Amino acid sequence: MSVIVVGSMAFDAIETPFAKSNKIVGGAATYIAWSASNFTKPIQQISVVGGDFPQEELDMLEARGVQMEGVQRKKDKKSFFWSGKYHMDMNTRDTLETQLNVLEDFEPVVPASYQGADILMLGNLSPAVQLSVIEQLKEPPKLIVLDTMNFWMDTAMPELEKVLKEVDVLLVNDSEARQLSAQYSLVRAAREIMKMGPKFLVIKKGEHGALLFHGDHVFFAPALPLDEVFDPTGAGDTFAGGFVGYLDSTKDFSFEGMKSAIIIGSAIASFCVEKFGTTRLRELTKNTIDERVQQFVELVNFDIALV
């Protein structure tokens, strides 16, 4: 059992209507690894960091079963940095600053020890980088999961179309699904997107849950109603980590298996938003996760008598 995770390990500076952080550790691959390591090991990380990235962060992840052989360290450069400000609804945000730094010329290398992984999780990066990793794998993984965003649809659509033909599962939010498909109805959007290659499509809707599509089948997973959303940054990546980590632990890549994985991903993501950055993810135990998953089960479980 193993999951390759490709993505950024970076710094964020976040401002919400209720609080503001200094520069904190973030990045898609960081969130995915913290989340997935609750369910499976090893997590085989592929990323790049600068000399400013804290060694203790890498050490803590290694202690969780995250392998770092595929993480390049460029000591004379700075790590990727993103700064953003959330609106009052906490679903929309403005990017204040983006510094590509080490990501500007990142060329991932898949270590020999990573060959034969069961799942490849491609976090949000340039489609060219994502495709490069796929092409370096001598044996196709049993499952390839892709996350992408509007920016790549605007700037690298031909490359994104190539990657989509290679993946099994696509993770996007509702606005990204509409842009990619040129359809407003999410059901029609799903049909168009699955024609591009993915066999399964997960459309994330933030506080309104997530939809899973496969052929003519549709499943809806709610989001847990929370008293307070402290920081939504990384929630989608945390969802992805829980999703692939659980699937790797069960090896059930059917529609039924993915239904369970979406609930697990949603449960883990609901923890992420409770504190800045990865803080809450570091505190999780099996018991706290099990209790949160049970809350999801109770949220959607009901009996009804048809008359």
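Just so it is clear, the structure is predicted and the values come from calculations on it, not from any experiment.
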Practice task
Check the angle between the aromatic planes of Phe255 and His214 and answer parallel, tilted or perpendicular using the 30° and 60° thresholds.
Solution key: parallel
Handout entry: Over 12 non-hydrogen atoms of neighbours within 6.0 angstrom of CZ in Arg188
Key = no
Handout entry: Note, Leu211 side chain near Val187 side chain (heavy atom, < 4.5 Å)
Key = no
Exercise for the section: Check Phe296 against Pro222 and note the closest heavy-atom contact, atom names and distance. Expected result: CE2-O, 3.1 Å
Handout entry: Residues, nucleotides or ligands: over 12 heavy atoms within 6.0 Å of Lys259 NZ
Key = yes
Exercise for the section: Give, for atom NZ of Lys20 and atom OH of Tyr86, the distance between the pair rounded to the nearest 0.5 Å. Expected result: 15.0 Å
Side-chain donor/acceptor pairs under 3.5 Å, residues 102-112, sequence neighbours excluded:
from, atom 1, to, atom 2, distance (Å)
Asp105, OD1, Lys74, NZ, 3.4
Asp105, OD2, Lys77, NZ, 3.1

Exercise for the section: Please say which of Gln115, Gln44, Gln45 ends up in a side-chain contact (heavy atoms from CB on, under 4.5 Å) with Ile4. Expected result: Gln44
Handout entry: Leu281 side chain reached by Lys275 side chain, heavy atoms, under 4.5 Å
Key = no
Practice task
Using modelled atom types only, decide if a donor and an acceptor are shared between the side chain of Gln130 and the backbone of Asp147 within a distance under 3.5 Å.
Solution key: yes
Fill in the blank from the handout: To the nearest 0.5 Å, atom CD of Glu57 lies from atom CZ of Phe11 at 9.0 Å
Handout entry: Separation between CG of Asn38 and OH of Tyr246, rounded to the nearest 0.5 Å
Key = 14.0 Å
Problem - Side chain proximity check, Leu247 to Thr40, heavy atoms < 4.5 angstrom - result: no
